[in-house]
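Given the structure is predicted, the values throughout are model-derived calculations rather than measurements.
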Amino acid sequence: QVQVIESGGGLVQAGGSVRLSCAVSGTASSSLAVGWFRQAPGKEREFVAAIGWTGGPTYYADFAQGRFTISRDNAKNTVPLQMNSLEPEDTAVYYCAASAALFPTKSPDDYRFWGQGTQVTVSS
């Protein structure tokens, strides 16, 4: 079984930074494409960033481009999401998901395994 666990969320002031981490474990977990998604109250779940099983390619939502960075830490078998220049609009529950595929996509329907989410709250 594949297990996905997010961590690193919390409260941050506008303009600050947060580093989330996604730990993926289980059978063939190191070969999975991984995506980050977020969902704010009353809104649909939306794509944030994704990374392939080799550490590339990477894809970003428009709002994340230039502010967020997704990467792979192969030694720890985690996928961190570094978020800089945070704004109140970034407040959401952030979810990590694994696709069981080599290449990333932007659709949540393409991901099989999901974490429980971690809350990020950005104060103004």
Side-chain angles (χ1 to χ4, degrees):
Q1 299 295 324
V2 175
Q3 186 175 23
V4 180
I5 302 176
E6 308 95 335
S7 62
L11 301 174
V12 63
Q13 190 174 7
S17 299
V18 169
R19 184 179 186 272
L20 305 181
S21 182
C22 175
V24 182
S25 61
T27 303
S29 59
S30 63
S31 66
L32 303 177
V34 173
W36 281 96
F37 298 81
R38 71 183 188 183
Q39 187 167 22
K43 295 185 179 295
E44 298 291 327
R45 186 168 299 186
E46 64 180 344
F47 171 78
V48 177
I51 190 167
W53 69 280
T54 63
T58 58
Y59 299 105
Y60 295 93
D62 288 342
F63 64 79
Q65 187 70 49
R67 296 193 298 133
F68 298 176
T69 302
I70 189 171
S71 60
R72 279 191 182 270
D73 187 337
N74 292 322
K76 298 180 180 179
N77 198 29
T78 60
V79 176
L81 179 69
Q82 179 68 42
M83 303 193 295
N84 300 325
S85 301
L86 287 166
E87 303 170 351
E89 292 75 18
D90 295 316
T91 295
V93 176
Y94 284 73
Y95 296 90
C96 183
S99 69
L102 299 181
F103 298 96
T105 72
K106 299 180 180 180
S107 174
D109 293 337
D110 294 330
Y111 293 80
R112 296 185 186 179
F113 313 105
W114 291 81
Q116 294 182 339
T118 184
Q119 177 72 45
V120 175
T121 301
V122 184
S123 64
S124 60

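The distance from atom CG of L20 to atom CD of Q82, rounded to the nearest 0.5 Å, is 8.5 Å. One finds the OG atom of S85 at 8.0 Å from the CD atom of E87 (value rounded to the nearest 0.5 Å). We find the SG-CG distance between C22 and D73 to be 12.0 Å, quoted to the nearest 0.5 Å. How far CZ of R72 is from OG1 of T58: 11.5 Å, rounded to the nearest 0.5 Å. How far CH2 of W36 is from OH of Y111: 12.5 Å, rounded to the nearest 0.5 Å.
Using the six-membered ring where Trp is involved, F68 and F63 have ring planes that are perpendicular, over 60° apart on the 30 and 60° scheme.
When all heavy atoms are compared, the tightest approach of Y60 to F47 is C-CE2, 3.7 Å. Residue C96 comes nearest to E6 through the heavy atom pair N-OE2, 2.7 Å, listed as atom of the first residue, atom of the second, then distance. Here the closest heavy-atom approach between residue L32 and residue A98 is recorded as CD1-CB, 3.6 Å. Residues P88 and S124 share a closest heavy-atom pair of CG-CB, 3.8 Å. Taking both residues in full, the closest heavy atoms of G9 and V120 are given as CA-CG2, 4.1 Å, listed atom of the first, atom of the second, then distance. Across L81 and Y94, no two heavy atoms sit closer than the pair CD2-CD2, 4.5 Å.
Put simply, the side chain of T118 does not reach to within 4.5 Å of the side chain of S7, judged on heavy atoms. The shortest distance between side-chain heavy atoms of Q116 and I5 does not fall below 4.5 Å. At a threshold of 4.5 Å between non-hydrogen side-chain atoms, the residues I51 and P104 do not count as touching.
Listed for the Q13 side chain is no donor-acceptor partner under 3.5 Å among the backbone atoms of S123. At distances below 3.5 Å, at least one donor-acceptor pair connects side-chain atoms of N77 with backbone N or O atoms of V24.
Counting only residues at least two apart or on different chains, the side-chain hydrogen bond (donor to acceptor under 3.5 Å, both in side chains) pairs with a member in residues 95-109 are T105-D110.
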Could you walk me through whether T91 and Q119 pass the side-chain contact (heavy atoms from CB on, under 4.5 Å) test, one step at a time?
CA-CA 8 Å; T91 295; Q119 177 72 45; 3.9 Å; yes
Is there a side-chain contact (heavy atoms from CB on, under 4.5 Å) between R38 and E46 once you walk through the steps?
CA-CA 5 Å; R38 71 183 188 183; E46 64 180 344; 2.7 Å; yes
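Cluster annotation: Y59 and I70 are assigned to distinct hydrophobic clusters (Ile/Leu/Val/Met/Phe/Trp/Tyr, side-chain heavy-atom contacts under 4.5 Å, transitive).
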